[in-house]
Amino acid sequence: MAEREAWEEAVVKGRAKKRIFGHFVYIKSLADGQQVPAFVEVHLPEARQTKKRFPECKNRTLAWMRPAEAASLVKEPELQGLLRRMEKQAV
């Protein structure tokens, strides 16, 4: 599942680590306008390749950046914390 999501949403092909890196909750807006909480488990990918085209390429703008920079762009505090933790582990 994590590998498919990485491919569909972020153009990353590879294996996801089995161990959960962390999790976060956010409010997801459904097509009918309803808002529901979504629980997300985060598995870090071992990226083996990327492509220019991917399933959601028309719905997403791809930008590669350091995790700390990404943390400053997301709204979810729990996700910000995971990204900052990822940055510390990469050093």
Rounding to 0.5 Å, atoms CG (Leu44) and NZ (Lys18) come to a distance of 15.5 Å
Of all heavy-atom pairs linking Gln80 and Ala71, the shortest is CG-O, 3.3 Å
- Query: Is there a side-chain contact between Val40 and His23, using heavy atoms and a 4.5 Å cut-off?
  - Reply: no
For Ser29, the side chain to side chain donor-acceptor pair (under 3.5 Å) test, sequence neighbours excluded, returns Gln35
Output for pair (Phe24 CZ, Leu79 CG), nearest 0.5 Å, gives 4.5 Å
Side-chain heavy atoms of Phe21 within contact of Gln89, under 4.5 Å:
yes
Taken in chain and number order and not counting sequence neighbours, the residues that satisfy side chain to side chain contact (heavy atoms under 4.5 Å, CB included) with Val25 are Pro37, Phe39, Glu78
Do Leu83 and Met65 land in one hydrophobic cluster if side-chain heavy atoms of ILVMFWY residues count as linked below 4.5 Å? no
Sorted by chain and number, sequence neighbours left out, side chain to side chain donor-acceptor pair (under 3.5 Å) with Gln34 holds for none
**Ile20 and His43, any side-chain heavy atoms less than 4.5 Å apart** = yes
With sequence neighbours left out, the residues meeting side chain to side chain contact (heavy atoms under 4.5 Å, CB included) with Ala68 are Glu87
